[in-house]
Amino acid sequence: MPPKRKGTGPAGGRPSKRVASGVSTPKSMVSDDDYSEGDESSEMLSEREAPTKYDSVVKKYQPSTYQKPQNAKSYGDAASHLFKPKRDFFSEPLKPDHHLRPLWISPHNGKVVLETFAQGFKQAQNFLINIGEPQSRTTNMHEYTISPNSLFAAISVGLTEQDIIRDLELFSKTKVPQNIIDFVREVSQSFGKIRLVLKHNRYFIESQDTAVLQRLLRDPVISSCRVQDSEELRTEKAAQKGGLIIPGTKDAAGVREAVAQAQQAQKREGDDDESDDEYGGKEAEKDMTDFLREEEDDDEVDQVHSFEIDGENIQLIQEHCSTKLGLPLTEEYDFRADDANATLDIDLRPNVQIRYYQEHALSKMFGNGRARSGIIVLPCGAGKTLVGITAACTVKKSAIVLCTSAMSAVQWKEEFKKWSNINPEDIAIFTSGEKEKLNQKAGVIICTYSMVTQNTRRAHDSKQVMDFITSREWGLMVLDEVHVVPAEMFRRVTNRIKTHSKLGLTATLLREDDKIKDLNFLIGPKLYEANWLQLSEEGHIARVQCAEVWCPMTTEFYSEYLQAKTTNKRSLLSTMNPRKYQACQFLIDYHEKRGDKVIVFSDNVYALEKYARGMTKPFIYGDTSQREREIVLQNFQQNDAVSTIFLSKIGDTSLDLPEATCLIQISSHYGSRRQEAQRLGRILRAKRRNDEGFNAFFYSLVSKDTNEMYYSSKRQAFLVDQGYAFKVITHLKGMENMKNLAYNTQQDRMDLLQDVLLQSETAGDVEDIKDDLFSDRNVARQKKKGGVRRQAGTLSSLAGGEDMAYMEYARGSNANKALAKPRDAFFRKEDRLKERKKKAAQALLD
DNA sequence: CAGCATGTAA
DNA sequence: ACAGTTACATGCTG
């Protein structure tokens with residue numbers, strides 16, 4: 001039996017650490033969902049949705065004999081029910097050779113636990129990645145959930161119902177429960193029935209089964225989206241399938257020349273050329289590839305039927321089919337048979353070899369010779385861009401790449417030029433800053449989400465480019481940082497751009513809201529998710545030591561903390577905790593001496609400035625201009641004198657700093673798991689990662705007995721599930737001996753406290769009186785929005801306010817004299833603000 | 001081109 | 001669950 005564990009500590013207390021050392025425990029093998037209070041942290045593309053037909057299917061997991069203790073709530077604390085006698089979930093006898101089989105399958109909730117030390121682990125893991133959602137992958141135990149969506153993904157990748165049941169039986173230590181088998185049956189039979197097909201700029205729902213289509217046409221939502229004057233059902237010959245080789249693999253390198261002619265003749269024989277030594281004797285991968293190939297000819301039907309639907313309502317239809325009807329629309333693009341769209345001359349450069357997991361991921365996408373829409377999850381620094389580019393090189397049709405910022409658009413273009421032989425004229429950037437034209441029949445265009453989703457106020461030239469984008473058909477759409485797509489605005493892209501296939505890429509398929517599941521119908525199933533731990537063991541990403549440093553609050557700060565009314569003031573006090581400052585100072589000093597390059601993250605801009613100025617280090621935040629950012633970043637990378645930089649949350653995403661090897665977090669956004677993971681991602685591509693014994697460091701500084709403790713544990717959930725172990729450090733050895741430790745006297749700490757309180761007031765209530773003059777723009781904006789413009793206070797209160805604010809800024813500009821080279825730039829903002837305020841005050845007096 | 005206003009994400 | 005904060009992209013204006 002796996003060891004028992006429960007995620008909640010004593011009532012009202014902080015949830016206990018999931019993993020305190022390298023030893024891991026599965027998250028909920030013994031606890032049914034009903035038991036685990038607030039433990040939905042690892043729920044990704046899961047089954048929890050609005051009630052649907054599928055709930056009844058999922059419900060079958062819960063046998064009627066199993067009941068939650070009726071008095072679960074009446075124990076009075078969160079833990080004691082765990083010690084009540086419980087039903088043994090594994091009453092089923094073990095198979096005689098169970099020690100050869102690595103899997104525990106719970107009959108109650110679709111959860112599966114995999115022993116990493118057992119024989120056959122690798123094969124079982126590859127199988128589970130296909131059919132389940134990884135929930136937690138720690139050193140000794142991996143836990144997966146089998147849900148309708150995960151099964152859809154498995155089937156879309158080519159597994160059959162029989163494969164799944166056969167292999168579950170093969171790996172399981174006990175006989176596979178009948179309800180699990182029934183569940184797999186039921187789900188697989190409804191998947192893949194209907195497909196969404198784009199032809200000549202028109203959308204069709206296609207199926208081999210006319211009965212299913214008739215059923216859809218009777219559905220009010222679907223029928224209202226049908227193009228009315230089109231023929232009811234069209235019938236045509238089904239397309240042929242065949243083998244395919246993904247560029248960048250060894251096979252491809254060997255046979256690239258021959259491919260063009262061979263492709264036609266090559267059907268199944270072609271597949272046999274596949275050399276297995278690519279995988280270094282990993283039989284598991286071979287099994288996997290076999291799975292993918294099996295589905296070829298069996299149920300080949302000659303005819304397909306379809307009806308046309310309105311392209312404007314694609315999203316509505318996809319959502320309806322997937323969540324209401326339980327018949328997800330799959331998208332597969334038979335790009336080699338498409339001669340309506342021009343072929344793009346693009347290939348990977350001859351010497352480019354993609355890594356095995358990239359190939360693995362792509363083989364899921366192109367497993368049956370067509371391009372399936374779906375999502376690939378790879379950690380930061382593991383080469384997501386190259387996966388996207390290789391996909392484009394495989395499809396060889398016009399492609400559109402969407403990314404979140406103009407900066408990453410430029411990076412994508414660079415990568416395209418670096419990895420592929422694309423003609424520079426065939427690739428264009430479309431952002432607010434740059435509007436390159438694409439004249440060729442086929443090409444690659446890279447743009448930002450907002451450029452595509454904005455409807456109002458569009459400059460003339462960008463309207464032109466938009467028309468170009470919307471009017472044509474795209475072979476492939478690559479969605480970078482695909483976890484942003486469910487956002488209200490960004491999800492429009494799938495409606496607006498007509499594309500045959502979509503590939504979503506992300507490192508963190510996580511949102512703190514529950515919209516992440518929408519990606520199932522917006523983009524497609526998750527095709528592949530890499531194992532972070534495995535990649536770092538193999539040296540593809542850096543090994544990281546994670547630690548949470550507990551800093552006690554000083555008495556002054558803690559008593560203020562307890563009195564503070566707003567969460568804002570509280571969080572400010574806990575990030576400004578002098579002991580935390582000292583810990584930060586000590587860690588920076590320690591790591592600089594080791595020769596590390598350190599990044600310090602703070603969400604709070606005030607704290608960012610205060611820390612950075614106090615330690616005379618450069619910092620970057622939102623208002624730092626582009627040029628200044630470049631100067632700082634360049635110095636950080638090349639100048640040995642600049643070993644530490646401070647970043648606000650601009651550094652969370654898409655900042656490429658391969659020099660950085662140590663990361664310290666002093667303030668963060670509540671319990672955002674995505675932020676935590678992405679920050680960690682900043683050091684995963686460390687240049688030195690393959691040095692002997694190299695380790696990157698990730699510290700989270702947490703003020704003891706504050707909200708930070710709680711948030712910190714939430715934030716870590718994702719990384720813990722990826723197998724990272726957070727060490728708790730309560731005492732930094734040698735800190736008390738450090739010279740020049742700041743805030744070592746009572747007086748200094750009181751001064752700091754005063755400063756913090758002043759700050760929290762200027763940012764808080766006092767603001768109300770003088771908001772017209774001194775507020776930041778959002779407060780002003782909100783006031784305007786509500787139509788309530790507040791009367792300015794008396795002149796004296798104004799003057800007082802102004803003086804206070806002025807003092808702040810004046811102090812800032814004095815302090816900056818001590819700073820090194822690129823400093824001046826940092827403080828320009830204050831000057832601007834000062835000017836603005838003066839002007840505003842003047843205007844008011846007039 | 002800088003600066004501003006607006007909309008949006010997380 | 002909610003509001004608040006920070007950052008970004010974009011188009012308009014002088």
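Every chain is numbered from 1, with letters handed out A, B, ... down the list of sequences. Values in this document were obtained by computation on a predicted structure and should not be read as measured data.
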Inset, instruction - State which of B/dA9, C/dA9, B/dA2 makes the closest approach to the side chain of A/A406. - result: C/dA9
Inset, instruction - Respond yes when some side-chain nitrogen or oxygen of A/S450 is under 4.0 Å from OP1 or OP2 of C/dT10, and no when none is. - result: yes
Inset, instruction - Please state whether the phosphate of B/dA10, meaning OP1 or OP2, lies under 4.0 angstrom from any side-chain nitrogen or oxygen of A/R674. - result: no
Legend entry - Side chain of A/S648 - closest among C/dC8, C/dT10, C/dT6: C/dT6
Inset, instruction - On the 0 to 90° scale, with breaks at 30° and 60°, tag the A/Y670-A/Y711 ring pair as parallel, tilted or perpendicular. - result: perpendicular
Inset, instruction - For C/dT10, take OP1 and OP2 only and decide whether either is under 4.0 Å from a side-chain N or O of A/T448. - result: yes
Legend entry - Interatomic distance, A/D603 CG vs B/dA9 C1' [rounded to whole Å]: 14 Å
Inset, instruction - By nearest nucleotide on DNA chain C, pick out whichever of A/L608 and A/N568 is the more 5' one. - result: A/N568
Inset, instruction - May I have the distance from A/Q678 (atom CD) to C/dA7 (atom P), rounded to whole angstrom? - result: 16 Å
Legend entry - B/dT8 OP1/OP2 closer than 4.0 Å to side-chain N/O of A/R491: no
Inset, instruction - Would you kindly say whether A/Q678 and A/D652 are connected by a side-chain donor-acceptor distance under 3.5 Å? - result: no
Inset, instruction - Check whether the side chains of A/D755 and A/Y606 place a donor and an acceptor atom closer than 3.5 Å, and report yes or no. - result: yes
Inset, instruction - Output the single nucleotide from C/dG11, C/dG4, B/dA9 whose closest atom is nearest the side chain of A/M489. - result: B/dA9
Legend entry - Option among A/Q716, A/E708, A/K714 that satisfies the side chain to side chain donor-acceptor pair (under 3.5 Å) test with A/S712: A/Q716
Inset, instruction - Return the value, rounded to whole Å, for the distance between atom NZ of A/K463 and atom C1' of C/dG11. - result: 15 Å
Inset, instruction - Choose from C/dA7, B/dA10, C/dA9 the nucleotide whose nearest atom is closest to any side-chain atom of A/V605. - result: C/dA7
Inset, instruction - Look at A/S405 and C/dA9 and indicate whether a side-chain polar atom (N or O) is within less than 4.0 Å of OP1 or OP2. - result: yes
Inset, instruction - Determine whether the side chains of A/Q665 and A/S700 contain a donor N or O and an acceptor N or O closer than 3.5 Å. - result: yes
Inset, instruction - State which of C/dT10, B/dT8, C/dA7 makes the closest approach to the side chain of A/M451. - result: C/dT10
Inset, instruction - Starting from C1' on C/dC8, measure out to CG on A/D480 and report it in whole angstrom. - result: 16 Å
Inset, instruction - Can you tell me the distance, in whole Å, between the CG atom of A/L572 and the C1' atom of C/dT5? - result: 12 Å
Legend entry - A/Q675 CD - C/dA7 P separation (whole Å): 11 Å
Legend entry - Atom-to-atom span, OH of A/Y606 to P of C/dG4 - whole angstrom: 21 Å
Inset, instruction - Could you check A/L757, A/T567, A/V756, A/T566 and say which one makes a side chain to side chain contact (heavy atoms under 4.5 Å, CB included) with A/L572? - result: A/V756
Legend entry - A/M407 CE to C/dA9 C1', straight-line distance once rounded to whole Å: 13 Å
Inset, instruction - Classify the nucleic acid contact of A/E488 as base, sugar-phosphate or nothing, counting any heavy atom under 4.0 Å across all strands shown. - result: sugar-phosphate
Inset, instruction - With the side chain of A/K649 defined as its heavy atoms from C-beta on, choose the nearest nucleotide among C/dA9, C/dA3, C/dT6. - result: C/dT6
